[in-house]
There are 2 protein chains.
Amino acid sequence: MGSFYKVTKGIVLVFRSLNDGARQIVGLHSIGDLCGYLEKDGAYNFSGEALTDVEACSFNRRRFDSFVARNPDLASALADDMRDKLKRAAENMAVLGRLKSPERVAYFLLQLSDVYSSKIGLSDPLQLHLTREQIADHLGLRLETVSRAFARLKEERLIAFVGGDAVTILDRKRLASFARLSAV
Amino acid sequence: MGSFYKVTKGIVLVFRSLNDGARQIVGLHSIGDLCGYLEKDGAYNFSGEALTDVEACSFNRRRFDSFVARNPDLASALADDMRDKLKRAAENMAVLGRLKSPERVAYFLLQLSDVYSSKIGLSDPLQLHLTREQIADHLGLRLETVSRAFARLKEERLIAFVGGDAVTILDRKRLASFARLSAV
DNA sequence: CGGTTAATTGATCCTGTTCAAACTAAGTGG
DNA sequence: CCACTTAGTTTGAACAGGATCAATTAACCG
């Protein structure tokens, strides 16, 4: 708890476990994202798992906080980042609470391509890096359902598979309207 | 967008609407909580609805931000608050993604009683203030399902109804383990 | 007391889960 | 180079939990 980390390379999957072992994936953290910064009460609230090779930079919390205190610009940048995270979190709530399985997967793909293109650059053949099970844990579904949802999106000509682990979004616009949430 | 608000009395329900009118309630804001502070890109991301009579205090965003910049203590208090909100948001994701209807309602009641006791003081007969539909929008369910879940919790002797709109938690501990999430 | 809104209860339907089997792709070792 | 594994994915069939539609009851208010 003395430190937190800033991802400098790769993708980290952040999740929360329930008592019985089921888990809910809470977010994908990539280059520039902080892991473990949002912790409180002396314990990490979430767990992380590297999806790809990951490099990260460790910060001493106390020293960082006091540095932030002396640098208002940094403080406001951090606040912006949190705003963004909170917005995403709320969006995800709507996804989990209101969307049907193919809509959730559509949303997930758009979100992932968004993360990739902003953090890593380019993403036409969109590399998933996640197994069906991890996607399922993210979307509050089972892996079989995710698989069927992919089949459905493919059948609708919204996406196409590229090799084993990658996907191309054929019609971004239609995919977005398929996932009934305006944003992304 | 020039201002945001701090609730000084009552309870505000914060939600996000989908394109088709369905809505996902994202949180309950009560005394001390800020509404509209976490906005970005020149537009409010969420809508609010007063559950009770509400009084709030309006702040000019720009002036407030510059005040925060000069008061590191305030900045860190705000950061703490956001941390907490983000934690709750992630928790809610797990609720929406993994819990069955009676578990969700159990969680909701614990969370509500938590908000009340910390913000308003006392909550034995826990006043709901929300209709079944609002609760349903919060938990990603339909009102009929919420009603049945309440019946179930009552039948299990975990809660009891008090008059029209209030509930007593009979066995807090058992209710918490019923909602399979450790926290609250 | 009638009239309105919210809550409950019931029956049916649909979506996603569960369990199980088959299939694929990528190793690994003979 | 080919059988044999192994992890992940797809597909199928039966089942369960919520959604949906509809009818009834309860609570509130003028």
Side-chain angles (χ1 to χ4, degrees), chain A residues 13 18 20-25 49 51-52 94-109 126-156 159-167 178-180, chain B residues 13 18 20-25 49 51-52 95-109 125-156 159-167 178-180:
Chain A
L13 189 155
L18 303 205
D20 59 3
R23 70 183 193 170
Q24 176 63 41
I25 290 174
E49 179 182 319
L51 282 185
T52 61
V95 171
L96 292 169
R98 293 281 159 240
L99 267 46
K100 297 201 185 302
S101 65
E103 300 167 345
R104 293 191 205 189
V105 172
Y107 179 83
F108 164 76
L109 290 172
L126 182 62
Q127 205 72 23
L128 297 183
H129 292 299
L130 293 99
T131 67
R132 296 291 121 105
E133 189 172 20
Q134 289 169 328
I135 298 172
D137 282 349
H138 185 47
L139 299 175
L141 301 168
R142 307 271 87 176
L143 65 293
E144 295 95 334
T145 308
V146 172
S147 179
R148 289 184 234 266
F150 269 115
R152 174 78 187 288
L153 295 178
K154 185 185 161 195
E155 184 181 295
E156 301 263 359
I159 62 168
F161 287 91
V162 180
D165 187 45
V167 156
F178 191 87
R180 294 144 53 212
Chain B
L13 189 154
L18 303 206
D20 59 2
R23 69 183 195 171
Q24 177 62 43
I25 290 173
E49 179 183 320
L51 282 184
T52 61
V95 170
L96 292 168
R98 293 281 160 240
L99 267 46
K100 297 201 183 305
S101 64
E103 300 166 347
R104 295 192 204 188
V105 172
Y107 179 82
F108 164 75
L109 290 172
L126 182 62
Q127 206 71 25
L128 298 182
H129 293 299
L130 295 100
T131 67
R132 295 293 121 104
E133 188 172 21
Q134 288 168 327
I135 299 172
D137 283 349
H138 185 47
L139 299 176
L141 301 168
R142 307 269 89 174
L143 67 292
E144 296 94 332
T145 308
V146 172
S147 180
R148 289 183 235 267
F150 269 116
R152 174 79 188 287
L153 294 177
K154 185 184 161 193
E155 184 181 294
E156 301 264 358
I159 62 167
F161 288 91
V162 180
D165 188 45
V167 156
F178 191 86
R180 296 143 51 211

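Only this structure's heavy atoms are used, side chains among them; waters, hydrogens and symmetry mates stay out. Treat the numbers as computed from the prediction; the structure is a model and nothing was measured.
Going from atom NZ of A:K154 over to atom C1' of D:dT10 covers 11 Å, rounded to whole Å. Between B:F150 atom CZ and C:dA6 atom C1' the separation is 13 Å, expressed in whole Å. The CD-P distance, from B:E133 to C:dT8, rounds to 14 Å in whole Å. To the nearest angstrom, C1' of C:dA6 lies 12 Å from CD1 of B:I135. Following rounding to the nearest Å, B:L143 (CG) and C:dG10 (C1') show an atom-to-atom distance of 15 Å. Taking atom CG on A:D165 and atom P on C:dT24, their separation rounds to 18 Å, with Å as the unit. We find that NE2 of A:H129 is positioned 14 Å from P of D:dT9, with the value rounded to whole Å. Atoms CG (A:L130) and C1' (D:dG8) sit 13 Å apart, rounded to a whole Å.
Here the nucleotide nearest the side chain of B:S147, chosen from C:dA7, D:dT9, C:dT17, is C:dA7. The side chain of B:E144 lies closest to D:dA22 when the candidates are D:dT9, D:dA22, C:dA20.
Within the 4.0 Å cut-off from OP1 or OP2 of C:dT8, not a single side-chain nitrogen or oxygen of B:R148 is found. The phosphate of C:dA6 (OP1 or OP2) has no side-chain N or O of B:T131 nearer than 4.0 angstrom. The phosphate of D:dG18 has neither OP1 nor OP2 within less than 4.0 Å of any side-chain N or O from B:T145.
Residues meeting the ring pair (Phe, Tyr, Trp, His ring centres under 6.0 Å) test with B:F150, sequence neighbours left out: B:F161.
Between B:Q24 and B:L96, the closest side-chain pair of non-hydrogen atoms falls below 4.5 Å. A:F108 places none of its side-chain heavy atoms less than 4.5 Å from the side chain of A:V146. Residues A:L143 and A:I135 fail the side-chain proximity criterion, which asks for heavy atoms closer than 4.5 Å. Side-chain contact check for A:Q134 versus A:L51: some heavy-atom pair is nearer than 4.5 Å.
For residues 95-104 of chain A, the pairs satisfying side-chain hydrogen bond (donor to acceptor under 3.5 Å, both in side chains) are A:R98-B:D137, A:E103-A:R180, with sequence neighbours left out.
Near DNA chain C, defined here as any heavy-atom distance below 4.0 Å, the residues from residues 97-104 of chain A are A:K100, A:S101, listed numerically.
Contacts of A:G140 with the nucleic acid, taken as non-hydrogen atoms under 4.0 Å apart, involve only primed sugar atoms and P, OP1 or OP2.
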Please determine whether side chain to side chain contact (heavy atoms under 4.5 Å, CB included) holds for the pair A:V105 and A:R152, giving the CA-CA distance in whole Å, both sets of side-chain angles, and the decisive distance to 0.1 Å.
CA-CA 10 Å; A:V105 172; A:R152 174 78 187 288; over 6 Å; no

